[in-house]
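Some notes on the structure that comes next.
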Amino acid sequence: MIDKIAVVLSLAVLATQVQALDVKLAPDREFVEVIHQGKLVKVQRIQDQDHKLEGGFAKTSRKCPPFCIQPAQVAPGVQTIAQLEMFDFMEKDLLDETGLIIDARTPAWWKRGTIPGSINIPFNTFTREADDPGLIDAMRVLGAKRRENVGDFTRTMEEMGLMGGDLKNDNWDFTSAKTLVFWCNGVWCGQSPRAIKGLLELGYPPQKIFYYRGGMQVWQSLGLTVVVPE
Amino acid sequence: MHLHQIQGNLKQTEFLKFFLFGLSLLFSSTGLAQTDDAYLDALEGEASDLTLDTQTHAGAADKPQQAIEASVSKEWQAGSGSETSQGMVQGLSQQEFEEALQINYIGSYVFYQRLPDVQKAEVFVFYQTSQDPAEIRKKILQLAKRK
């Protein structure tokens, strides 16, 4: 009984706070909710309008190379998106499990904190050999199926555009591939561009890949919620 | 110069070209590996003492959210076919159903609240055929993604 009262009281406080948000995500959107590692996380902005960014992402400059400004378009056919598109993706594609948000950074970065709803697949996963178990596991998560011993007749038909050939190659079947958003540290980070290029080399359909170029740099500068992985 | 001498020179030239090509391949691949390793080293070095703004950590701005997250965590785990999930009581009015959802299945309630009234009614109709919380949650999420 006491537990139920506590939950109701918590809800009442939460409802009050929801109505009181001065710093919204958009005029018609106060926050976004996502499931991250089994828990509901509310993505919102810092409400303190005097707060100044602290931590590593307050730095303006890092040595280039290797931390060079990346082009706005990472590859032909891959759309670059920003924050509002991320929020839409969280509420639709992520919710119905047709999409994934991928933190393409190495584990050392992931452990510092990540965008809620993200899974971690380090960028260098996608440059491994075709029969590498780590690559095969990652591709399975993305919805791509490994193919082996594809017959010449089948490949010929597929190359003619038949039998769903536009989404298949010798090694992979991308028919059930998920829509992906890749991100890393921001406009000065090459990790997610490398991941995207590696994935395109494997044959992943470019129209199913999105590049959140702003990354953690912009996410932090907007005071948006991060989660520290357990 | 005799023909066989010319042919010999040609073969030597071809061999030299092939040898130089092979050498260039060897050094280029080695160079690439070194570049990748150097990049990874730079990444690890940059990450080693980096911290994120603590004000952006989940829960920093909204303490009561932690209690809700804990409840949701239990619900989401229980809803995945666990024997600990309990069915909802049958025969509730829509208001009673919403209150029960709010008290016992807060995660589902959060998404339910965001549905338009027509879809809330659809969930209530569904509840009358199935009181399984996991099935009700699936219905709510199915309607939520239609928006």
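Every chain is numbered from 1 and lettered A, B, ... according to where its sequence line falls, protein lines coming before strand lines. Quick caveat: nothing in here was measured; it's all calculated off a predicted structure.
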Heavy-atom contact with chain B under 4.5 Å, split by part of [X]:
| X | result |
| --- | --- |
| A:Arg105 | neither |
| A:Lys59 | side chain |
| A:Asn185 | neither |
| A:Leu224 | backbone |
| A:Val228 | side chain |

Minimum-distance pair of heavy atoms, taken over all atoms of [X] and [Y]:
| X | Y | answer |
| --- | --- | --- |
| A:Phe67 | B:Ala42 | CZ-O, 3.6 Å |
| B:Gln55 | A:Ile46 | CB-CD1, 3.5 Å |
| A:Ala108 | B:Glu44 | CB-OE1, 3.5 Å |
| B:Leu50 | A:Gly56 | CD1-CA, 3.8 Å |

> Given the options A:Thr98, A:Asp48, A:Val227, A:Thr106, which has more heavy-atom pairs under 4.5 Å with chain B than any of the others?
Replying inline: A:Thr106

>> Using side-chain contact (heavy atoms from CB on, under 4.5 Å), reason through A:Gln191 and B:Leu43 one step at a time and then give a plain yes or no.
In response: CA-CA 9 Å; A:Gln191 296 182 74; B:Leu43 286 172; 3.2 Å; yes

> Between B:Glu46 and A:Lys63, is there a side-chain N and carboxylate O pair less than 4.0 Å apart?
Replying inline: no

>> Between B:Asp53 (side chain only) and A:Gly55 (backbone N and O only), is there a donor and an acceptor less than 3.5 Å apart?
In response: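 No.
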
> Do B:Thr56 and A:Gln220 have side-chain N/O donor and acceptor atoms under 3.5 Å apart?
Replying inline: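 Result is yes, a qualifying pair exists.
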
> For B:Thr51 and A:Phe57, what are the C-alpha separation, side-chain angles and deciding distance, and is it a side-chain contact (heavy atoms from CB on, under 4.5 Å)?
Replying inline: CA-CA 8 Å; B:Thr51 57; A:Phe57 287 92; over 6 Å; no

> Say you draw a straight line from CH2 of A:Trp219 to CG of B:Leu52; how long is it, rounded to the nearest 0.5 Å?
Replying inline: 12.5 Å

>> If you apply the rule side-chain contact (heavy atoms from CB on, under 4.5 Å), what do you find for A:Leu40 with B:Phe111, and how did you get there?
In response: CA-CA 11 Å; A:Leu40 186 69; B:Phe111 287 106; 4.0 Å; yes

